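Lettering follows sequence order; numbering is per chain, from 1. Because the structure is predicted, anything quoted here is derived from the model rather than measured.
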Number of protein chains: 2
Amino acid sequence: MLKQERHAFIMRQLNLHNKVLSNTLSSSMHVSEDTVRRDLQELSEEGRLIKVHGGALSLSFNDAHFSSEKFYSPKSKRIIAEKAVKLIQNGMFVLTSGGTTIVEIAKCLPPQLKATFITGSIPAAIEYMAHPHIDVIIIGDKILKDSKITAGAEAISKVKQINANLCFLGINAIDIEHGVTENDWDVAQVKKEMVATSEKVVCVTISEKLNTYQPLQTCSIGQINYLITELEPDNKILQPYKKQGIIII
Amino acid sequence: MLKQERHAFIMRQLNLHNKVLSNTLSSSMHVSEDTVRRDLQELSEEGRLIKVHGGALSLSFNDAHFSSEKFYSPKSKRIIAEKAVKLIQNGMFVLTSGGTTIVEIAKCLPPQLKATFITGSIPAAIEYMAHPHIDVIIIGDKILKDSKITAGAEAISKVKQINANLCFLGINAIDIEHGVTENDWDVAQVKKEMVATSEKVVCVTISEKLNTYQPLQTCSIGQINYLITELEPDNKILQPYKKQGIIII
DNA sequence: ATAAAAATTGCAAAAAAACGCAAATACCCT
DNA sequence: AGGGTATTTGCGTTTTTTTGCAATTTTTAT
């Protein structure tokens, strides 16, 4: 096998799988690992791939990674937030959970809006407090330090006493079969109650969390009224949810 | 699985869920927990996540606007805070009101202290949350925007259910005749209840507020156990309070 | 206070990389 | 054509990296 052929083969594999392993290439091209290493070395010097211990990665690897981390995510949360605030009307009582998306919504609330927000999330409450016309009610209980929200029996019993018009749920995982799922028992219980006591339930999430699930159920698909992601409502991935009667925004 | 892949996977999970557990990652990536720990270690050294016992937390949710050293505090309040923290012992349940002095105390808590703090003050709660070993319980109710604390019937009834060892009261006015006084009805009621349910009551205030009074009484002089100001305990202005049986610190 | 879980440390085996070298091959020139 | 040169390739050895394991300490939960 000629060097050029090998290079082409490697690049093709790389485009296909975004990564290649030295030993795999060695056996599939029937050359020694040394040769593969030298090939990777050259391609790396040409800037066509990223050489790492054990193989190489495609250039898009870092891109995808960084962009989703620093750029993509905040922007998509802003998009979600701007769609979400349109559901809130003057005089409404709004229950919200925690999470970065919920905080983003809080930052996007129009300044003239007059409403009452009820939440167990400290970061969200801070944003609500900064708003001129919004009343903020904190759900008391012990604070979970990692998520910075209150949760526990007391929080649940308080939520039970509320009849909110709208409930915004920042969610960790959602799929058709399991519904909205969590990995923290206390949080799941509180959210469950939020769903139960609200007229309309709005789930907000970046699309990456669609079709994933975790051990504890918060609510079933049937209990959700709206689903907001950064994608266009007619996106293919959202259609199964639409079929279940959820309004996609 | 390549190391870089694992790192990407971890960061992705972290962006999605804001926290990751070592053992979960270990099983989902099919490597030993040691390897996961080393990965987290490296990512932590790169400043891309916060490593904690059992896993890691995402950067986005932490620190951002929760820095405890935002601005300098007046020296007098620092002095008060340093005297105040000496009263707190491991295992105690501590009720605190709001106010800048209370926040200053929160910032001065020794890192090894293990205690439970109960408060309706959002700024104070934020500081308590930043502490490694402190449990924080928020008293729920409507937030008063100017003072950033919760107050109302619900808050009062919750405070009633607590039997705290210590109560720190940031006060607005105090004099021998009227005791501790306030100008906000709701706040006064909540504080009243805090005083009633705590074993020991500690009033903290800068000396300017000594011998002033406001319309609504929070508690009488006789209910106070400790009074902390930035002044030396033998200062002349404090002697009348000492005579009333208050321990001046 | 005690038991369980997780972190740290040191270590050793395995995998991969680096390096030098020699054989094989390709290339160039007269 | 053929000799000299350069390039390529594979091999053995050494070095580095990675990984998992065991023993110990630290942290956390009960």
Side-chain angles (χ1 to χ4, degrees), chain A residues 1-10 13-14 17 19-46 49-57 61 141-147 151-153 183-187 215, chain B residues 1-10 13-14 19-46 49-57 89-93 109-117 128-137:
Chain A
M1 207 172 188
L2 261 40
K3 192 206 277 201
Q4 289 165 333
E5 287 181 274
R6 291 199 313 269
H7 284 200
F9 181 82
I10 291 170
Q13 292 298 312
L14 213 47
H17 306 115
K19 79 160 180 183
V20 289
L21 302 177
S22 300
N23 56 18
T24 310
L25 288 174
S26 159
S27 54
S28 60
M29 298 192 300
H30 307 289
V31 291
S32 76
E33 281 196 43
D34 294 74
T35 305
V36 171
R37 257 191 289 280
R38 275 185 277 249
D39 286 338
L40 295 179
Q41 176 74 31
E42 286 173 38
L43 289 167
S44 166
E45 279 165 10
E46 291 168 26
L49 52 74
I50 298 160
K51 197 166 164 300
V52 298
H53 197 96
L57 303 168
F61 191 84
D141 208 319
K142 183 167 169 178
I143 293 182
L144 303 181
K145 281 197 181 177
D146 48 5
S147 46
N183 59 8
D184 185 294
W185 200 82
D186 287 319
V187 174
Chain B
M1 208 171 186
L2 260 32
K3 178 155 73 161
Q4 284 75 8
E5 283 185 283
R6 292 197 312 269
H7 285 197
F9 181 84
I10 291 169
Q13 292 298 313
L14 212 47
K19 80 172 177 193
V20 290
L21 302 177
S22 300
N23 55 20
T24 309
L25 289 173
S26 159
S27 56
S28 58
M29 300 194 298
H30 306 289
V31 291
S32 76
E33 281 196 45
D34 294 77
T35 304
V36 171
R37 259 191 287 280
R38 274 185 277 249
D39 285 338
L40 295 179
Q41 174 78 28
E42 286 173 37
L43 290 167
S44 165
E45 278 165 11
E46 290 168 25
L49 52 74
I50 296 167
K51 199 167 164 300
V52 296
H53 199 95
L57 304 174
Q89 274 151 36
N90 279 335
M92 273 189 171
F93 278 71
L109 293 172
Q112 348 71 270
L113 179 70
K114 292 181 186 180
T116 303
F117 278 70
Y128 298 143
M129 281 194 302
H131 189 287
H133 304 303
I134 280 179
D135 284 339
V136 193
I137 295 173

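Rounded to a whole Å, the CG atom of B:L2 is 9 Å from the P atom of D:dT19. Straight-line distance from the CD atom of B:E42 to the C1' atom of D:dT17: 11 Å, rounded to whole Å. If you take CG of A:D39 and C1' of C:dA16, they are 16 Å apart, rounded to a whole angstrom. One can place CG of A:L21 at 20 Å from P of C:dA14, the figure rounded to the nearest angstrom. One interatomic measurement links the two molecules: CD of A:Q4 to P of C:dA26, which rounds to 14 Å at whole-angstrom precision. Protein atom NE2 of A:H30 is 16 Å distant from nucleotide atom P of D:dT9, rounded to whole Å. Atom P of nucleotide D:dT30 and atom CG of B:D135 are separated by 12 Å, given to the nearest angstrom. Distance, A:L40 CG to C:dA18 P: 11 Å, rounded to whole Å.
Counting non-hydrogen atoms of other residues, nucleotides and ligands closer than 6.0 Å to CZ of A:F9 gives a total above 12. Within 6.0 Å of NZ on A:K51 lie more than 12 heavy atoms contributed by other residues, nucleotides or ligands.
Two residues are said to be in side-chain contact when any heavy atoms from C-beta on lie closer than 4.5 Å; A:H7 and A:Q4 fail this criterion.
Between A:E33 and A:R37 there is a salt bridge, since a side-chain N of the basic residue sits under 4.0 Å from a carboxylate O of the acidic one.
For B:S26 (side chain) and B:V31 (main-chain N/O), a donor-acceptor pair under 3.5 Å exists by modelled atom type. Checking side-chain atoms of B:H131 against main-chain N and O of B:H133 turns up a donor-acceptor pair under 3.5 Å.
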Legend entry - Summary of protein contacts for nucleotides 1-9 of chain C, nucleotide by nucleotide, where a base hit scores B, a sugar-phosphate-only hit scores S (4.0 Å, heavy atoms): -----SBBB
